[in-house]
2 protein chains.
Amino acid sequence: MRSPVVPEAVSRPTLEAVATRAGVSRATVSRVVNGGYGVRQPLAERVRRAVAELGYVPNQAARSLVTKRHDAVAVVIAEPEVRVFTDPFFALQLRGISKELTAHDNQLVLLLTEGRDDHTRVARYLAGGHVDGALVFSLHLDDPLPGLIHDAGVPTVFGGRPGWRDRTGTPMYVDTDNRGGARTAVRHLVGLGRSRIAHITGALDQTSAADRLDGYRDVMAETAGGGLDPSLVVESDFTPAGGERAMRELLGRRPDVDAVFAANDLTALGALRVLRERGLRVPEDVAVVGFDDMLPLAEQSDPPLTTVRQDIERMGRLMARLLLRGPSALHGTSVPHGASAPEVSSAPDRSSGPGGTGPAARTPGPGVILPTTLIRRASA
Amino acid sequence: MRSPVVPEAVSRPTLEAVATRAGVSRATVSRVVNGGYGVRQPLAERVRRAVAELGYVPNQAARSLVTKRHDAVAVVIAEPEVRVFTDPFFALQLRGISKELTAHDNQLVLLLTEGRDDHTRVARYLAGGHVDGALVFSLHLDDPLPGLIHDAGVPTVFGGRPGWRDRTGTPMYVDTDNRGGARTAVRHLVGLGRSRIAHITGALDQTSAADRLDGYRDVMAETAGGGLDPSLVVESDFTPAGGERAMRELLGRRPDVDAVFAANDLTALGALRVLRERGLRVPEDVAVVGFDDMLPLAEQSDPPLTTVRQDIERMGRLMARLLLRGPSALHGTSVPHGASAPEVSSAPDRSSGPGGTGPAARTPGPGVILPTTLIRRASA
DNA sequence: ATGAAAGCGCTAACAA
DNA sequence: TTGTTAGCGCTTTCAT
């Protein structure tokens with residue numbers, strides 16, 4: 001189904017028109033428009049004047065037809081859940097991506113998917129050669145999209161570590177150091193003297209959730225008196241309501257719990273609410289740590305939330321950079337696997353400086369892992 | 001600056017290839033691909049088979065070059081502030097837009113702007129004839145963008161009532177009934193027996209804020225003992241921090257205030273925090289009403305927020321529809337100016353049914369105004 | 001109903 | 001350095 005024709009803007013001047021007006025050939029105008037190499041100053045000047053006078057703007061369709069480039073990148077957001085839309089995650093990624101693409105004169109084509117039908121639509125679009133590459137988010141373990149996208153033959157970078165096994169050599173991706181961040185969070189709780197530390201997980205079909213759980217287990221296993229107590233782990237789904245449910249269940253089976261590491265801030269907020277309603281004090285009775293540093297929520301909860309910050313906008317920027325420039329985009333950025341940026345900051349300093357990839361992005365294989373920072377507030 | 005060439009996907013089959021394979025002319029293939037009118041069944045069938053076997057996908061650049069259509073719409077978000085990114089407003093609009101565009105086989109090209117430089121970039125892009133139309137958001141009174149966009153000669157629909165005077169006949173727009181919603185909110189407070197009702201405004205260079213203020217004034221002026229008391233109006237900026245500041249100032253000059261209508265939920269949340277910190281009970285001492293029904297914030301504040309809901313996703317859908325189909329998109333939807341949907345719902349029923357434009361969209365002139373609903377929770 | 005042919009506006013050899 | 005020319009892949013008259 002095609003939509004009815006939208007009234008067309010008045011016909012714009014063409015290369016030809018500019019050429020005539022400047023008294024040169026189309027080729028010369030083309031050269032000037034594309035950087036002006038190999039054109040003598042005075043001529044170039046004349047052409048530029050003609051361009052300005054006529055208000056000439058190149059027709060991108062014509063250009064793409066011959067260059068086979070589009071200077072456009074698709075952003076694919078698979079979003080079976082509303083969750084994506086209730087947290088700023090999405091918007092921040094986009095902002096980062098947009099900045100980077102803009103800096104390279106690329107356009108951002110947004111492809112939102114709601115269900116299976118949309119998947120084939122997206123695959124067709126990518127196969128149609130409208131864009132030079134794709135950035136893909138929010139994948140779940142069983143998602144068919146990666147396969148379809150691969151078949152479309154478009155260069156792709158994934159947001160978040162893909163959870164499926166290689167059909168095609170591991171794809172490029174950018175992710176947060178979920179496991180490391182989780183460790184930092186749990187260690188912080190341990191450092192506070194807590195010993196019955198629970199974890200409310202995210203949706204475990206997403207690698208971010210699985211990795212955070214792993215990080216939790218790492219620390220619990222190595223902790224004195226250690227050994228993993230499965231009764232301290234409650235599976236949830238990244239939502240506030242899920243957090244409430246999980247916290248209730250947790251209090252049911254472990255009334256002695258003295259700390260909770262929640263898979264994200266939204267979940268932590270749900271937990272906080274249940275704790276308050278039960279008359280338990282935070283952090284005195286139960287310390288709570290979240291993940292994301294989602295503002296303003298994390299700052300303004302009661303009490304303000306101690307949480308693991310990830311630099312979401314930077315993730316977006318990096319994904320775009322990787323797609324546009326290839327792995328070399330990371331030069332001067334990657335560091336040896338063990339190294340890391342300071343993991344705790346007490347000041348909620350949000351800026352990581354514009355532009356740069358920032359410190360300590362780790363690159364194991366085709367993936368780039370961004371570091372996290374523990375933000376201490378009142379809840380733990 | 002153009003980015004380095006991204007590796008090109010392997011060359012896709014062309015119309016020509018399909019034609020050869022099916023043993024017909026390019027024209028015939030073209031006809032089949034575009035609906036197949038005037039092609040006999042058996043031939044059409046042969047062509048379709050060839051298309052499938054070759055995995056043919058039409059080259060959109062070539063097509064656009066001749067049709068001068070792009071089946072693409074630009075979404076322009078002028079965003080000098082971070083605010084846009086901390087509330088789901090943006091994402092919900094996009095979702096609505098995306099759904100509608102998808103239903104019409106149109107692509108969504110996202111143009112995010114951070115500052116003046118970006119404005120000219122956007123204008124150039126629109127003038128470049130890449131898209132069939134534009135949807136534009138987040139304008140402030142002094143924004144140069146509308147002028148530039150108009151000059152670009154692209155059909156445009158604005159999100160939110162434009163605040164500037166006509167250079168060009170009033171533009172099409174879709175807006176929430178900000179004034180009516182504000183009235184409903186304030187009347188609700190009056191109905192609760194409150195008489196010293198304050199208003200914390202939004203950023204008054206945006207029409208949404210100005211209109212909500214007007215709605216507040218409407219009711220205050222008509223209320224017994226009425227007369228507008230300027231000391232009850234505090235200017236703010238739609239942010240939580242701004243809400244806190246405003247609430248403090250308000251309590252300074254009017255310690256007797258017994259109700260607050262905040263220009264949005266974020267602001268209301270800030271106010272709530274200050275009230276709590278001063279030991280004032282909500283709603284017993286001071287009733288609070290917000291605007292937006294931003295979830296999950298509004299539901300999960302303490303106490304849960306009574307607020308004026310606007311259907312943001314529907315706004316987006318309508319904008320897209322208006323752009324694609326023109327004003328006739330509203331047939332069967334517009335109602336006489338005075339009419340309105342039920343203004344109060346007690347159940348937080350979010351669904352307005354998929355697809356339809358829903359009830360009671362008002363269309364004064366070139367604008368479409370969507371109704372609001374008061375959602376009663378604990379705060380008022 | 002089908003095919004032949006003329007471009008859409010641009011870039012990129014190749015000539016001059 | 002500048003101009004000439006041949007397409008890029010598709011749609012669309014115009015013949016047949």
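Residue numbers begin at 1 in each chain, while the letters A, B, ... track the order of the sequences.
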>> Test your reading of the model: is there a side-chain donor-acceptor pair from B:R161 to the backbone of B:D175, 3.5 Å cut-off?
In response: no

> Taking only residues two or more places apart in sequence, or in another chain, which ones meet B:L101 in a side-chain contact (heavy atoms from CB on, under 4.5 Å)?
Replying inline: B:V73, B:I97, B:N106, B:L108, B:A320, B:L324

>> Once side chain to side chain donor-acceptor pair (under 3.5 Å) is applied, do any residues pair with A:Q107, and if so which ones, sequence neighbours excluded?
In response: none

> Looking only at atom types and distance, does a side-chain atom of A:R314 sit under 3.5 Å from a main-chain N or O of A:G96, one as donor and one as acceptor?
Replying inline: no

> Do any pairs count as a salt bridge (Lys or Arg N to Asp or Glu O under 4.0 Å) and have a residue in residues 22-41 of chain A, sequence neighbours left out, and if so which ones?
Replying inline: A:E16-A:R26

>> For A:A123, give me all partners under side-chain contact (heavy atoms from CB on, under 4.5 Å), at least two apart in sequence or on another chain.
In response: A:L148

> What dot-bracket string describes DNA chain D from 5' to 3', counting Watson-Crick and G-U wobble pairs whose defining distances are under 3.5 Å, with [ ] for crossing pairs and | for pairs to another strand?
Replying inline: ||||||||||||||||

> Quick one: side chain to side chain donor-acceptor pair (under 3.5 Å) partners of B:D118, sequence neighbours excluded?
Replying inline: B:R121

Polar-atom pairs under 3.5 Å, protein N or O versus N or O of nucleotides 13-16 of chain D: list them with distances, or write none.
none

> Who pairs with A:R21 by side chain to side chain donor-acceptor pair (under 3.5 Å), at least two apart in sequence or on another chain?
Replying inline: A:E53

>> For D:dT11 and B:K68 - does any side-chain N or O of the residue sit under 4.0 Å from the phosphate oxygens OP1/OP2?
In response: no

> Between atom OH in B:Y56 and atom C1' in D:dG9, what is the gap in whole Å?
Replying inline: 7 Å

> Toward the 5' end of DNA chain C, which comes first, B:V39 or A:T14, by nearest nucleotide?
Replying inline: B:V39

>> Filter on side-chain hydrogen bond (donor to acceptor under 3.5 Å, both in side chains), then keep only pairs touching residues 122-131 of chain A, sequence neighbours left out; what's left?
In response: none

> Closer than 4.0 Å, any side-chain N/O of B:Y37 to the OP1 or OP2 of D:dT12?
Replying inline: no

> Whole Å only: how far is the CZ atom of A:R26 from the C1' atom of D:dT5?
Replying inline: 8 Å

> Between B:H70 (NE2) and D:dT11 (C1'), how many Å, whole number?
Replying inline: 14 Å

> First contact, last contact: which nucleotides of DNA chain C are these for chain A, 5' to 3', heavy-atom distance under 4.0 Å?
Replying inline: C:dG9 to C:dA13

> Roughly, in whole Å, what's the span from NE2 in A:H130 to C1' in D:dG9?
Replying inline: 13 Å

>> Applying side-chain contact (heavy atoms from CB on, under 4.5 Å), can you list everything that pairs with A:P162, at least two apart in sequence or on another chain?
In response: A:F158, A:W164, A:P171, A:Y173

> What residues, two or more places apart in sequence or in another chain, satisfy side chain to side chain donor-acceptor pair (under 3.5 Å) together with A:S25?
Replying inline: A:T28

> Does B:N59 make a side-chain N or O approach to OP1 or OP2 of D:dC8 shorter than 4.0 Å?
Replying inline: no

> CG of A:L43 versus P of D:dT1: gap in Å, rounded?
Replying inline: 11 Å

> For DNA chain C, whose closest nucleotide is more 5', that of B:T28 or that of A:L65?
Replying inline: B:T28

>> From CD of B:E16 over to C1' of D:dC8, roughly how many Å is that when rounded to an integer?
In response: 12 Å

